[in-house]
Amino acid sequence: MERQYRLQKNKAFQYVYHRGKSVACRDLVMLVAKSKGMKVGFSVSKKVGNAVTRNKVKRRLRECFRPYLGGVKNGLYVVVARPSAAEATFQSLQRDVRYLLKKHNVLSPALHQDKPQAEARQRPARQN
RNA sequence: CGAGGUGGCAAGGCGAUCGCGUGCCUCCGGGCAUGAGGAAAGUCCGAGCACCAUAGGGCAGGAUGCCGGCUAACGGCCGGUGGAGGCGACUCCAAGGAGAGUGCAACAGAAAUAAACCGCAGGGGUUCCGAUCCAUCAGUCAUCCGUCAACGGCGGAUGGAAAGUGAGAGGAAAGCCCUGUAAGGAUGGAAAGGCGAGGUAAGAGCUCACCCGCGGCUUGGCGACUUGUCCGCGCUGUAAACCCCAUCUGGUGCAAGAUACGUAUGAGGACACAUGCGGCUGCCCGUCGCGUCCCCGGUAUCGCUCGAGCCUGCGCGGCAACGCCAGGCCUGGAUAGAUGAUCGACCCUCGACAGAACUCGGCUUACUGUCACGCUCGCUUU
RNA sequence: GGCUCCUUGGUCAAGCGGUUAAGACACCGCCCUUUCACGGCGGCUACAGGGGUUCGAAUCCCCUAGGAGUCA
């Protein structure tokens, strides 16, 4: 995920926590605030685990969110991992991210019905 | 074969698709190269580096603590000494001073850092028994008072009819006083060196032999230490209690700090008014600065990775840690923080512990697999 | 990332190296009351873990684990 799409400053996170709307499932919480730019941030606290597991969860979340970059409304997104996310598989995280985006109703019409492009591209490979 | 000991090595790799950080090139489409660890961890030590005054003085505080060496330095490493553990290979040890001083040693025990409670022994005095001797017709009992350290004696008085009152070898029993003694005494972590013999009234390093420890002298060693001597002595433990001695030690830490653009010893609020306040360490000196406190205060770049660096040599010196020499190599530098997802087969245990954040040298802790040994012990077979 | 500190019953806590580790609240049982509350009596349950020093450690030292605070 390129740097221009990242939410970086602590103040920006604080802004999203104050102004954003939140939707959650068992492993994740997603907050969205309206903005002209498109930025995503990931928050994984020390409760999730040690540095290795935290990094792993962050990488997986980044990979899950990447296909939707062009396909959702602009805004400030923050994805918070709950402690149970350490045990979740990549596939379940993928499902959760898609479910939360849908619940926020930010998916563009093209992607609302079908699978995202990146995932569609991976489908045939997985079937092999 | 089993149980150990020591030392080393590795930390899944390969291919495909998508994706990320950094560097270089670019025809701006992209391409090429490279990208976590042995502990990156804990932050327990030591340094570099930066700022604080040039890093200052004294006290306090802190750290280390057998010896020699290595190292930039260290609480690290190597080699040795002493002690402890193990049948052994081998391992472990904050291992200076208790003979400078202070403190503490609960409970138990006679007694706790210095004696004398019991005991043992000698002497004194008391009572009782008492062969025998003197005296005598008989020779005793009760109460009261005084006295001595004394439930006992002595002296006196009174009463029972009156009066008066000896000596004693030796023995016994109890309690008392003085002296000697530290052998024995159920305890305790520790009891005044141990054990045996002599010695004695009883005893005692009082004397002797052997042993243990300390000190002196002495042999060897740079030294810790060690060998001998028997010259002197017999001293509780605790310093991870205070302390003494020796050595080291200024503070803060890359959120250090520097630069640029905004421009600034800034805006707002509260309090105070120089024998004061703050910084440099806790205090004093010295020195620098001049209100103090609360709250708010942007972004970018540098610091930032070539370094006490890594690899090779059967190189040279050294037992070794390590040093020297020669040749070769460049090997993360992010800043919400880069290694992931999917597929394929392989090792067949589906891969443990675990992610750089200024950088090094160690220590400690977590943890998987494997190899070597002209290392040890035991069993079996030949 | 650096620095500083703390762990004692279920909770809050005291504790000079020396008995069976105070105390309060809570909980349980009994008494009191027609019953509950209050009160009284009794009980229950702990030194974060592992080593070391010491005759003896909750206390002193080291390591580990967990938890706080602080620095922009």
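Chain A is the first sequence line, chain B the second, and so forth, proteins listed ahead of strands; every chain is numbered from 1.
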Syn or anti for [N]? Use the chi torsion, O4'-C1'-N9-C4 for purines and O4'-C1'-N1-C2 for pyrimidines, with syn inside 90° of 0.
N	answer
U368(B)	anti
U207(B)	anti
G234(B)	anti
G43(C)	anti
A115(B)	syn

Can you tell me, in whole Å, how much space there is between the [atom1] of [N] and that of [M]?
N	M	atom1	result
U181(B)	A202(B)	C1'	7 Å
C290(B)	G42(B)	P	44 Å
U26(B)	G337(B)	C1'	29 Å
G307(B)	G361(B)	P	14 Å
C363(B)	C45(B)	P	16 Å
U102(B)	A57(C)	P	29 Å
A47(B)	A366(B)	C1'	27 Å
G2(C)	G253(B)	C1'	7 Å

Whole-Å gap separating [atom2] ([N]) and [atom1] ([X]):
X	N	atom1	atom2	value
Leu93(A)	A341(B)	CG	P	11 Å
Lys56(A)	A341(B)	NZ	C1'	11 Å
Tyr68(A)	G19(B)	OH	P	17 Å
Lys58(A)	G340(B)	NZ	C1'	13 Å
Arg60(A)	U339(B)	CZ	P	13 Å
Leu61(A)	A336(B)	CG	C1'	14 Å
Arg62(A)	G337(B)	CZ	C1'	8 Å
Glu63(A)	C18(B)	CD	P	13 Å

Give every pair of a protein N or O atom and an N or O atom of nucleotides 36-40 of chain B that lie under 3.5 Å apart, one pair per line with the distance.
none

Give me the atom names and distance for the closest heavy-atom approach of Leu61(A) to Ala81(A).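 It is CD1-CB, 4.3 Å.
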Considering non-hydrogen atoms only, spot the tightest contact between Leu100(A) and Ala24(A) and give its length.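 So the minimum-distance heavy-atom pair works out to CD2-C, 3.8 Å.
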Hits for side-chain contact (heavy atoms from CB on, under 4.5 Å) against Lys58(A), two or more places apart or cross-chain, chain-then-number order -> Phe42(A), Val44(A), Asn55(A), Arg62(A)
Taking side-chain contact (heavy atoms from CB on, under 4.5 Å) as the definition, give me every residue that meets it alongside Val80(A), ordered by chain and number, with sequence neighbours left out.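 For Val80(A), the residues satisfying side-chain contact (heavy atoms from CB on, under 4.5 Å) (neighbours in sequence not counted) are Tyr17(A), Val29(A), Leu31(A), Ser43(A), Val78(A).
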Bracket notation of RNA chain C in which parentheses pair within the strand, [ ] cross earlier pairs, and | pairs with another strand (Watson-Crick or G-U, under 3.5 Å): (((((((..(((.....[....))).(((((.......)))))....(((((..]....)))))))))))).
If we call it a pair only when both distances are under 3.5 Å in a Watson-Crick or G-U wobble match, what pairs with [N]?
N	answer
G79(B)	C67(B)
A320(B)	none
C120(B)	G180(B)
U54(B)	none
A157(B)	U143(B)
C293(B)	G269(B)
G351(B)	none
G23(B)	C32(B)

How far apart are the C-alpha atoms of Leu28(A) and Leu93(A), what are their side-chain angles, what is the distance that settles it, and do they pass the side-chain contact (heavy atoms from CB on, under 4.5 Å) test? CA-CA 8 Å; Leu28(A) 302 173; Leu93(A) 286 176; 4.2 Å; yes
How many angstroms lie between CZ in Arg60(A) and CD in Gln91(A), if you round to the nearest 0.5 Å?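 Interatomic distance, Arg60(A) CZ to Gln91(A) CD, rounded to 0.5 Å: 8.5 Å.
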Does His104(A) use its side chain to pair, donor to acceptor, with the backbone of Met30(A) at less than 3.5 Å?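 Answer holds: yes.
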Lys21(A): what forms a side-chain hydrogen bond (donor to acceptor under 3.5 Å, both in side chains) with it, not counting sequence neighbours? none
Between Gln94(A) and U342(B), is there a side-chain N or O to OP1/OP2 distance below 4.0 Å?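 Indeed not, no polar side-chain atom of Gln94(A) lies that close.
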